[in-house]
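These notes concern the structure reproduced below.
Chain naming here is simple, since letters A, B, ... match the order of the sequence lines and numbering starts at 1 in each. Atoms considered below: every heavy atom in the structure, side chains included; atoms not considered: hydrogens, waters and symmetry mates.
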Number of protein chains: 2
Amino acid sequence: MTVTGTLYGVGVGPGDPELITVKAARIIREAPVVAFFAKDGATGHARRIAGAYLTDAQEELRFTYPYTVEISKRSTAYRQAMSGFYDAAAARLAAILRDGRDVALLCEGDPFFYGSFMYPHDRLADAYPVQVVPGVTAMTACWDRAGVPMTRGDDCLTVLPGTLDEAALCAQLGRSDATVIMKVGRHLPKIRRALDQAGLLDRAILVEHGSMVDEMIVPLGEKQTDDASYFSIVLVPTERVTS
Amino acid sequence: MTVTGTLYGVGVGPGDPELITVKAARIIREAPVVAFFAKDGATGHARRIAGAYLTDAQEELRFTYPYTVEISKRSTAYRQAMSGFYDAAAARLAAILRDGRDVALLCEGDPFFYGSFMYPHDRLADAYPVQVVPGVTAMTACWDRAGVPMTRGDDCLTVLPGTLDEAALCAQLGRSDATVIMKVGRHLPKIRRALDQAGLLDRAILVEHGSMVDEMIVPLGEKQTDDASYFSIVLVPTERVTS
């Protein structure tokens with residue numbers, strides 16, 4: 001009889017390796033197999049963050065995305081390729097778990113907040129022991145690094161993906177006391193227009209690579225260019241005054 | 001000449017002491033003074049979480065809230081008492097910083113997400129060096145512990161305080177793919193009615209003391225009673241299916 005291994009979805013936090021939790025560091029150190037997603041030709045952001053906690057005794061398992069931004073995320077080709085990719089990754093993970101070995105699958109930020117971990121989780125959680133280890137989300141690190149209290153007292157917060165079309169962004173903005181816009185990247189011009197229409201541009205702050213060595217924080221209204229990396233977040237903190 | 005100390009706002013995470021970040025653990029261990037807020041007669045939730053990382057060599061500084069739930073948060077008496085309380089706390093912290101000593105001020109979850117740290121921050125950040133150390137928010141730990149992927153792809157998330165009145169809750173619900181309701185406690189009956197009206201009760205999950213030893217996770221529709229602790233969160237995860 002073989003004991004089944006456990007799949008750990010491990011949140012590695014926003015970028016600074018020291019912003020990983022004590023638990024995540026332990027799980028990564030102890031797992032016989034450490035798995036991660038990465039785009040073709042890159043180290044993998046989660047793998048880079050976790051590097052300091054890995055040992056030579058561990059097996060590394062890399063899953064290379066078939067696409068990242070090469071084709072539209074709404075195309076059938078993209079969806080089919082990604083679905084097949086996650087099926088294959090889940091099958092590979094399942095074989096290791098059946099072999100009685102634990103796997104730590106690394107995830108940027110938190111596994112259940114816009115994370116790729118959800119796709120293997122969907123495929124494996126009914127059949128294998130799965131544990132999710134929380135991580136500091138990128139937005140949390142961004143507002144802390146920017147030095148802006150985000151929500152107070154009775155405030156409402158809305159989190160929007162910058163991938164929404166302009167009308168959808170406009171419809172959502174201004175409904176909350178505070179707003180976070182994730183996945184900014186090439187959507188910055190559209191996001192800027194939507195914030196301007198909602199009268200929120202003056203309060204908006206752009207954070208690129210929050211908590212990482214190349215971090216940049218700038219009031220969005222003062223930024224002259226429309227370039228922004230994928231790891232950018234726009235914050236509109238609460239206006240509420242102190243008590 | 002004296003070098004001024006730094007005020008660290010240290011997020012200690014959702015409750016499990018192992019869910020503190022490596023950086024927070026280091027800052028707490030190294031700070032000559034560790035400060036925290038607590039209600040009268042209690043150890044203090046943040047202090048309890050950080051306990052494992054404190055040493056005998058450190059000075060502890062406790063700030064006891066004048067009120068927690070004894071009088072209405074909207075009353076003038078409450079506001080005046082709290083404002084005076086935070087003024088006094090800030091003055092105490094400032095004296096330590098002027099003395100050249102660093103202070104780690106402990107905060108449940110993350111300091112800038114509905115945290116009391118914002119009030120000393122408002123009073124001190126312009127005059128003293130302040131650094132905010134991110135923490136895992138309670139909501140993050142709750143959705144991970146409940147095993148529910150919260151947001152995927154293009155999803156929008158709304159975070160609402162349960163303290164909102166029923167009409168305001170109803171107006172906000174259903175605008176996003178996923179919703180978190182914080183500060184549930186005695187507001188549970190109202191929250192339940194609002195979720196029911198929005199057609200979301202079947203998807204709602206109540207998490208009490210997420211990541212703590214007495215954690216309880218239950219579909220809200222199956223809970224027969226209307227009691228819930230202050231450390232409860234209601235989650236309405238996305239309905240989006242896997243890719």
Where on A/Leu19 is there a heavy atom nearer than 4.5 Å to chain B: the side chain, the backbone, both, or neither?
both
Could you check whether any side-chain N or O of B/Glu215 sits under 3.5 Å from a backbone N or O of B/Cys142, counting only pairs where one atom can act as donor and the other as acceptor?
no
If we only count heavy atoms from C-beta on, is the B/Ile181 to B/Leu195 side-chain gap below 4.5 Å?
yes
Within the 4.5 Å heavy-atom criterion, are B/Leu124 and B/Asp126 side-chain neighbours or not?
no
Greatest number of non-hydrogen atom pairs under 4.5 angstrom with chain A, of B/Ala25, B/Gly135, B/Pro111, falls to B/Gly135
Please flag which part of A/Thr137 lies under 4.5 Å from any non-hydrogen atom of chain B: side chain, backbone, both or neither.
side chain
Atom OH in B/Tyr65, atom NZ in B/Lys39: separation rounded to 0.5 Å?
11.0 Å
Is there side-chain contact between B/Val10 and B/Phe117, with at least one heavy-atom pair below 4.5 Å?
no
Is chain B contacted by the side chain of A/Gln131, its backbone, both, or neither, given a heavy-atom distance below 4.5 Å?
neither
Heavy-atom pairs under 4.5 Å with chain A - which of B/Asp144, B/Thr21, B/Val159 has more of them than the others?
B/Asp144
Note: vs chain B, highest number of non-hydrogen pairs under 4.5 angstrom among A/Ala168, A/Ser116, A/Gly153, A/Ala141 is A/Gly153
Quick one: of B/Thr151, B/Leu157, B/Ile20, who has the most non-hydrogen atom pairs under 4.5 Å with chain A?
B/Thr151
Heaviest contributor of heavy-atom pairs below 4.5 Å to chain A, chosen from B/Asp154, B/Val136, B/Val132, is B/Asp154
With chain B, which of A/Ser176, A/Pro237, A/Pro161, A/Ala24 has the greatest number of heavy-atom pairs at distances under 4.5 Å?
A/Pro161
Under the rule for side-chain hydrogen bond (donor to acceptor under 3.5 Å, both in side chains), what residues qualify as partners of A/Arg203, not counting sequence neighbours?
none
Lys/Arg N to Asp/Glu carboxylate O, A/Arg152 vs B/Asp122, below 4.0 Å:
yes
Which bit of A/Arg26 comes within less than 4.5 Å of chain B, counting heavy atoms only: side chain, backbone, both or neither?
side chain
Between A/Gly11, A/Gly147, A/Ser211, A/Ala125, which residue shows the highest count of heavy-atom pairs closer than 4.5 Å to chain B?
A/Gly147
A/Glu166 and side-chain hydrogen bond (donor to acceptor under 3.5 Å, both in side chains): which single residue from A/Lys190, A/His187, A/Gln197 fits?
A/Gln197
Let's test your reading of the structure: which of B/Pro149, B/Cys156, B/Gly162 forms the most heavy-atom pairs below 4.5 Å with chain A?
B/Pro149
Please determine whether side-chain contact (heavy atoms from CB on, under 4.5 Å) holds for the pair A/Thr140 and B/Phe113, giving the CA-CA distance in whole Å, both sets of side-chain angles, and the decisive distance to 0.1 Å.
CA-CA 8 Å; A/Thr140 304; B/Phe113 190 62; over 6 Å; no
Taking only residues two or more places apart in sequence, or in another chain, which ones meet B/Asp155 in a side-chain hydrogen bond (donor to acceptor under 3.5 Å, both in side chains)?
B/Thr238, B/Arg240
Measure A/Val148 against the heavy atoms of chain B and call it side chain, backbone, both or neither at under 4.5 Å.
backbone
Of the backbone (N, CA, C, O) and the side chain (C-beta and beyond), which part of B/Phe85 lies under 4.5 Å from a heavy atom of chain A, both, or neither?
neither
Quick one: what part of A/Asp110 sits under 4.5 Å from any heavy atom of chain B, side chain, backbone, both or neither?
side chain
Give, as side chain, backbone, both or neither, the part of B/Gln80 having an atom under 4.5 angstrom from any heavy atom of chain A.
neither
